[in-house]
Undergrad: 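Below you'll find the structure I mean.
Just so you know, ligand 1 is whichever comes first in the structure, and atom 1 is the first atom listed for that ligand. By convention here, the first residue in the shown sequence is residue 1. Source: prediction; values computed, not measured.
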Amino acid sequence: MNPEDTRNADWLSRSLEAVWHPCTQMKHHEQLPLVPIARAEGMWLYDFDGHRYLDAISSWWVNLFGHANPRINAAVVDQLGRLEHVILAGFTHEPVVRLSEQLSELTGLSHCFYGSDGASATEIALKMSFHYWRNRGQPGKARFVSLRNGYHGETLGALSVTDVPLFRDTYAPLLRESFQVPSPDWRQAQPGESAEQVAVRAAHDLAAHLREHHSQTAALILEPLVQGAGGMAMYHPRYLKEARALCDVHGVHLIADEIAVGFGRTGTFLACEQAGIRPDFLCLSKGLTGGYLPLSVTLTTSDVYGAFYDDSTARGFLHSHSYTGNALACRAALAVLDIFRLDGILESNREKAAAFTRRCAPLIRHPMVRNFRNTGMIWAFDAVDERPDFSRRFYERALGKGLLLRPLGNTVYFMPPYVIEPEHMDLIVDGTMAILDDLQQNP
Ligand SMILES: Cc1ncc(COP(=O)(O)O)c(C=O)c1O
């Protein structure tokens, strides 16, 4: 046996003994391979025995500029020599100040409150919105409304506004009641209806809900343009415009959860830009550090900030996480923003996206492919396959072809790092077609 194989097998079995892996029924690993990764570079992940896997989903949508990006590496290493972390209550530091200034400039929102993972940004937005109304003398505004099929994270507050049954149903008794209104997902189109008309129809449902419930509603939370974990459902920006107007009319906050879609994923730096709107709260994470370190931020307006600014301690926002505003993570985020600025990423992504969509032409014609869709640097389709374990069978075959692809139910999606080149597009599209052919012949 090759000694390197032993190392691979060794890490695999030690991990299964000691690590409880996320979003996983661990028993499935009796059949499914667990992949120990030794190192990564650019689009590629390398295991211990020399196999490589093309990271076509940016390691759960976090990586923007490739693994081991030399510029982000250099920034983090430099920061390590200066300051790794300091408490952010009562203290501050250069990377968190610079990052907050730059994010405010980019988003038009005046204040940044930091968390660690995406779900903590969602929790912060929900709590801040409720507390804002309380501080303004409207404590009855304590409910939230979200979109059907929406996803905002796995902690209890975030899960309360999430509508993905697989993640939510088991914990339903622990969750606060929230309302879900119809999603503007264009797959709901009736014959002859455009994506924009679907958006307008869904906005009418939101209007009806807010007319009735606005006095108990603190905020509407949604994922702008693409509902990710719910199956890459895409919708027309008109919905965001209508939602913004309705929230204004009814005195309800709009929380834009751009944790997955921010940082250029939908073609603009923020998805909300495509509707020309600004939310009251904006949640960012994932791409914020280029996929390097856990960091999230909830941005908000000076109006919201002002409602907490008071002599009374209890009127302040007394929420915290130990690693809030971690200096290494903020420095990685600053390097990410530099790359956006210096390398014209949004322009080059437009060309890459057009090339990838052209490259997908034969895939779109595949008999197993339905509802092929694309927004910016996200592509998805629904596979025609009746078996309930489609996702696992596809994932396993993809690994066999050196591709990291993890369908959401029957939805196969590509969400690659922005350093993708034509040769990677070939591997993804040809590999996906070969897997579909194989699944058709050997169901
Ligand atoms: C839209 C959205 N919100 C929130 C989250 C939760 O982020 P995290 O997994 O970092 O807690 C995710 C994660 O996929 C997401 O896609």
Side-chain angles (χ1 to χ4, degrees), residues 20-24 55 57-64 113-129 144 146-164 166-168 171 175 178 180 183-185 219-235 239-240 243 254-266 270-272 279 281-299 319 321 323-324 326 329 332-333 375-378 380 391 404 406-409 411 413-415:
W20 195 337
H21 291 265
C23 202
T24 299
D55 189 354
I57 59 163
S58 301
S59 283
W60 254 345
W61 323 345
V62 299
N63 192 290
L64 299 186
F113 195 102
Y114 291 90
S116 34
D117 290 288
S120 57
T122 306
E123 298 286 343
I124 288 162
L126 298 174
K127 282 177 69 178
M128 249 185 206
S129 173
F144 299 99
S146 58
L147 300 190
R148 271 186 211 139
N149 203 34
Y151 179 90
H152 300 286
E154 308 279 349
T155 52
L156 293 180
L159 204 52
S160 292
V161 290
T162 285
D163 184 41
V164 179
L166 182 64
F167 303 136
R168 186 192 154 96
Y171 306 102
L175 305 179
S178 71
Q180 272 77 48
S183 160
D185 177 359
L220 162 69
I221 180 167
L222 47 71
E223 296 156 272
L225 297 188
V226 182
Q227 294 184 289
M232 299 297 161
M234 299 184 183
Y235 63 88
Y239 186 81
L240 297 173
L254 176 62
I255 303 174
D257 174 352
E258 296 223 14
I259 288 164
V261 297
F263 288 86
R265 263 299 155 197
T266 65
L270 297 177
C272 281
F281 297 92
L282 172 69
C283 303
L284 299 172
S285 186
K286 292 199 184 270
L288 175 59
T289 64
Y292 267 62
L293 289 158
L295 182 71
S296 64
V297 58
T298 304
L299 288 115
H319 181 104
H321 298 283
Y323 283 101
T324 287
N326 173 262
T375 301
M377 294 296 280
I378 309 173
S391 167
L404 170 50
R406 275 176 66 103
L408 297 154
T411 299
Y413 69 91
F414 313 133
M415 206 155 158

Undergrad: Which option wins on minimum heavy-atom distance to atom 4 (C) of ligand 1: Glu154, His152, Glu223, Glu123?
TA: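 Nearest heavy atom to atom 4 (C) of ligand 1 lies in His152.
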Undergrad: Among Thr122, Thr162, Asp257, find the residue that satisfies the side-chain hydrogen bond (donor to acceptor under 3.5 Å, both in side chains) test when tested with His152.
TA: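 Answer after filtering Thr122, Thr162, Asp257: Asp257.
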Undergrad: Taking only heavy atoms of Ala119, which atoms of ligand 1 are found under 4.0 Å from at least one of them?
TA: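 Listed by number with element: 6 (C), 7 (O), 8 (P), 11 (O).
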Undergrad: So, 4.0 Å and heavy atoms of Trp61: is ligand 1 close enough to count as a contact?
TA: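 Per 4.0 Å heavy-atom rule, Trp61 contacts ligand 1.
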Undergrad: Provide the number and element of each atom of ligand 1 under 4.0 Å from a heavy atom of Lys286.
TA: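 In order of number, 12 (C), 13 (C), 14 (O), 16 (O).
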Undergrad: Within a distance under 4.0 Å of any heavy atom of Asp257, pick out the atoms of ligand 1 and give their elements.
TA: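 Close to Asp257: 1 (C), 2 (C), 3 (N), 4 (C).
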Undergrad: Any idea which protein heavy atom is nearest atom 8 (P) of ligand 1, and the distance to it?
TA: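 Going atom by atom, the protein heavy atom closest to atom 8 (P) of ligand 1 ends up being Gly118 N, 3.4 Å.
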Undergrad: Could you grab the distance from atom OG of Ser59 to atom NZ of Lys286, nearest 0.5 Å is fine?
TA: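 Going from the OG atom of Ser59 to the NZ atom of Lys286 covers 10.5 Å.
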Undergrad: If I take atom NE2 from residue His321 and atom OH from residue Tyr114, how far apart are they, to the nearest 0.5 angstrom?
TA: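 If I round to the nearest 0.5 Å, the distance is 14.0 Å.
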Undergrad: With rounding to the nearest 0.5 Å, note down the distance linking CE in Met415 to CD1 in Ile57.
TA: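 The CE atom of Met415 sits 9.5 Å away from the CD1 atom of Ile57.
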Undergrad: To the nearest 0.5 angstrom, please state how far the SG atom of Cys23 sits from the CG atom of Leu166.
TA: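 Rounded to the nearest 0.5 Å, the SG-CG separation comes out at 7.0 Å.
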Undergrad: Of the protein's non-hydrogen atoms, which lies at the shortest distance from atom 12 (C) of ligand 1, and what is that distance?
TA: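 Among all protein heavy atoms, the one nearest atom 12 (C) of ligand 1 is Tyr151 CE2, 3.4 Å.
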Undergrad: Pull out every atom of ligand 1 sitting under 4.0 Å from any heavy atom of Gly153, numbered as shown with elements.
TA: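 Near Gly153, the atoms of ligand 1 are 4 (C), 6 (C).
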Undergrad: Drop me the distance from Leu126's CG to Ser160's OG, to the nearest 0.5 angstrom.
TA: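 If we round to the nearest 0.5 Å, Leu126:CG and Ser160:OG are 8.5 Å apart.
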Undergrad: Which ligand 1 atoms does Ala260 reach within 4.0 Å, using its non-hydrogen atoms?
TA: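 Atoms satisfying the 4.0 Å criterion: 16 (O).
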Undergrad: Ser183 versus Tyr239: any side-chain heavy-atom pair under 4.5 Å?
TA: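 No, too far: nothing below the 4.5 Å cut-off.
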